[in-house]
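Encoded as structure tokens, the structure appears first; notes follow it.
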Amino acid sequence: MAQESPKNSAAEIPVTSNGQLEDSHEHSFNRDLKRSLPVGLGLSETKITSHGFDSTKEGVVEAGPFPGARAQQKSGPVVLADEVKNPAMEKLELVRKWSLNTYKCTRQIISEKLGRGSRTVDLELEAQIDILRDNKKKYENILKLAQTLSTQLFQMVHTQRQLGDAFADLSLKSLELHEEFGYNADTQKLLAKNGETLLGAINFFIASVNTLVNKTIEDTLLTVKQYESARIEYDAYRTDLEELNLGPRDANTLPKIEQSQQLFQVHKEKYDKMRNDVSIKLKFLEENKVKVLHNQLVLFHNAIAAYFAGNQKQLEQTLKQFHIKLKTPGADAPSWLEEQ
């Protein structure tokens, strides 16, 4: 006997006369399908619809809210995801702000040079900055001359040392002029020794002045440059605000005026802060400069005077007073164990 073929599951779904599923059976079918699927798949909001038998399309699974699903939602806090920021848009915004700020500052600088724009001036602070820049040039000239003196003195000391060695050699080989060559050899060696002591004092003077000019003063001038940039930005945004205030006030201009007022206040606070920083640095720089140059000028004077007076003891005492240690000529460099 031929076995009876299994029934098609679609034949068991009752349909209406026009080929559509009955509503009650459709709901029952969807509910049974929902219960039979795993909960974790998130298919609670999936329903299955069917087209008529005369349609050429098969059953379609549509993603959408399942009838009755709203009643099953659990109450709780609703978390809204933050808007995802686009890095390219952020960079573009930064470039736009930088370009706008650069344009305003450039326009302010050109207006000042042409005599059309106004600039904020602190007369007392500007005078101190001008004096500092002028003094820096003069100190650089002193530093250059002291370096030249050190180079020439080094060459002279080197020549005196060689001359002393030559006299000493002739003193041993010329018996009839033994004493004369010997006196000159001792004199040149003594001069070379005193010259090395003076050279040590001059090099110490150069190192201290170089630190003052190229580090301390330069650091203060860097703060001055930042202050001047803040002043230009402040004047640029101040000019924009003044121009907007002179214009009409309506619904279009009031937001611009308010935004300009906020930007002006930000740059005003920055300008005030930089002006205060410059004033403090100039005060401390002046105190440090007087202290450093006082000691170095006393050292330079005493060392030069003792050297040309031939007072060897006074010359050595001057170096001890300022804690200057001379390197012994030909001394070997310390080993790496001694440096640890």
Side-chain angles (χ1 to χ4, degrees), residues 94-147 204-245 257-300:
L94 291 176
V95 172
R96 188 189 70 82
K97 291 181 179 180
W98 176 84
S99 301
L100 182 60
N101 185 73
T102 303
Y103 164 73
K104 291 180 181 293
C105 294
T106 304
R107 185 183 63 178
Q108 177 66 26
I109 293 173
I110 295 175
S111 298
E112 291 178 2
K113 290 184 177 181
L114 295 178
R116 299 176 181 175
S118 61
R119 64 186 300 263
T120 304
V121 179
D122 189 329
L123 296 178
E124 182 179 357
L125 188 61
E126 293 290 338
Q128 294 177 1
I129 293 174
D130 292 339
I131 293 174
L132 175 62
R133 285 173 173 163
D134 184 60
N135 287 339
K136 183 175 183 291
K137 293 180 181 180
K138 294 179 180 179
Y139 294 154
E140 287 175 343
N141 184 45
I142 290 176
L143 185 62
K144 182 179 179 181
L145 294 174
Q147 290 172 343
F204 186 78
F205 172 82
I206 291 173
S208 299
V209 175
N210 181 68
T211 301
L212 175 66
V213 173
N214 294 322
K215 291 186 179 180
T216 309
I217 295 181
E218 190 64 30
D219 178 70
T220 304
L221 289 178
L222 179 61
T223 307
V224 169
K225 292 179 181 179
Q226 296 174 354
Y227 157 75
E228 291 175 345
S229 298
R231 197 274 307 166
I232 293 174
E233 291 180 352
Y234 165 72
D235 282 339
Y237 285 91
R238 176 183 56 81
T239 302
D240 280 354
L241 181 60
E242 292 175 353
E243 292 177 354
L244 289 175
N245 286 329
I257 294 175
E258 183 179 356
Q259 183 182 10
S260 180
Q261 179 68 36
Q262 294 175 355
L263 293 174
F264 166 75
Q265 189 64 30
V266 170
H267 287 87
K268 183 178 184 301
E269 293 176 358
K270 180 181 178 181
Y271 167 72
D272 292 337
K273 179 181 180 300
M274 293 306 305
R275 180 175 59 181
N276 185 52
D277 291 346
V278 171
S279 299
I280 293 174
K281 281 202 170 185
L282 286 175
K283 179 181 178 181
F284 283 111
L285 174 63
E286 185 66 22
E287 295 175 356
N288 186 37
K289 181 191 70 174
V290 171
K291 181 179 179 181
V292 170
L293 288 181
H294 170 75
N295 293 333
Q296 296 305 316
L297 291 174
V298 170
L299 164 67
F300 192 83

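Closest of all the heavy-atom pairs between Gln108 and Asp235 is NE2-CB, 3.5 Å. Contact between Ser260 and Asp240 at its shortest, heavy atoms only, is OG-C, 4.1 Å. When all heavy atoms of Glu218 and Asn214 are compared, the pair lying nearest together is CB-O, 3.5 Å.
Checked for salt-bridge contact, Arg238 and Glu242 meet the test: a charged N lies under 4.0 Å from a carboxylate O. Using a 4.0 Å cut-off between charged nitrogen and carboxylate oxygen, Glu228 and Lys225 do not count as a salt-bridge pair. With respect to Asp122 and Arg231, no salt bridge is recorded, no charged nitrogen being found less than 4.0 Å from a carboxylate O.
Summarising the local packing, CD of Gln259 is surrounded by 12 or fewer heavy atoms from other residues, nucleotides or ligands at distances under 6.0 Å. Heavy-atom contacts from other residues, nucleotides or ligands closer than 6.0 Å to CD of Glu124 number 12 or fewer.
Note that NZ of Lys113 is 8.0 Å distant from CD1 of Ile110, once rounded to the nearest 0.5 Å. Atom CG of Leu143 and atom CG of Asn210 lie 5.5 Å apart (nearest 0.5 Å). The line from OG of Ser99 to CG of Leu94 is 10.5 Å long, rounded to the nearest 0.5 Å. To the nearest 0.5 angstrom, Ile129 atom CD1 is 14.0 Å from Asp134 atom CG. With rounding to the nearest 0.5 Å, the separation of CD in Gln296 from CZ in Phe204 is 5.0 Å. We find the NZ-CG distance between Lys137 and Leu132 to be 11.5 Å, quoted to the nearest 0.5 Å.
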Checklist entry - Where do Val209 and Val292 land on the side chain to side chain contact (heavy atoms under 4.5 Å, CB included) test, with the steps shown first? => result CA-CA 8 Å; Val209 175; Val292 170; over 6 Å; no
Item to check | From CA spacing to verdict: salt bridge (Lys or Arg N to Asp or Glu O under 4.0 Å), Glu140, Lys136 | outcome: CA-CA 6 Å; Glu140 287 175 343; Lys136 183 175 183 291; 2.5 Å; yes
Checklist entry - Taking it one step at a time, do Ile131 and Asn135 satisfy side chain to side chain contact (heavy atoms under 4.5 Å, CB included)? => result CA-CA 6 Å; Ile131 293 174; Asn135 287 339; 3.4 Å; yes
Item to check | Steps toward side chain to side chain contact (heavy atoms under 4.5 Å, CB included) verdict (Tyr234, Asp272) | outcome: CA-CA 10 Å; Tyr234 165 72; Asp272 292 337; over 6 Å; no
Checklist entry - Going through the distances and angles, do Lys215 and Asp219 end up as a salt bridge (Lys or Arg N to Asp or Glu O under 4.0 Å)? => result CA-CA 6 Å; Lys215 291 186 179 180; Asp219 178 70; over 6 Å; no
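Using bins of under 30°, 30° to 60° and over 60° for the plane-to-plane angle, the ring pair Tyr271/Tyr227 lands in the parallel bin.
With hydrogens and angles disregarded, a donor-acceptor distance shorter than 3.5 Å links the side chain of Asn245 to the backbone of Leu241.
No side-chain heavy atom of Gln226 sits under 4.5 Å from any side-chain heavy atom of Asp277. You'll find the side chain of Phe205 reaches within 4.5 Å of the side chain of Leu297, heavy atoms only.
Between the side chains of Lys281 and Thr223, at least one donor N or O lies within less than 3.5 Å of an accepting N or O. Between the side chains of Arg119 and Ser111, no donor-acceptor pair is found at a separation under 3.5 Å.
A cation-pi arrangement is found for Lys104 relative to Tyr237, the charged atom lying closer than 6.0 Å to the ring centre and inside a 45° cone about the ring normal.
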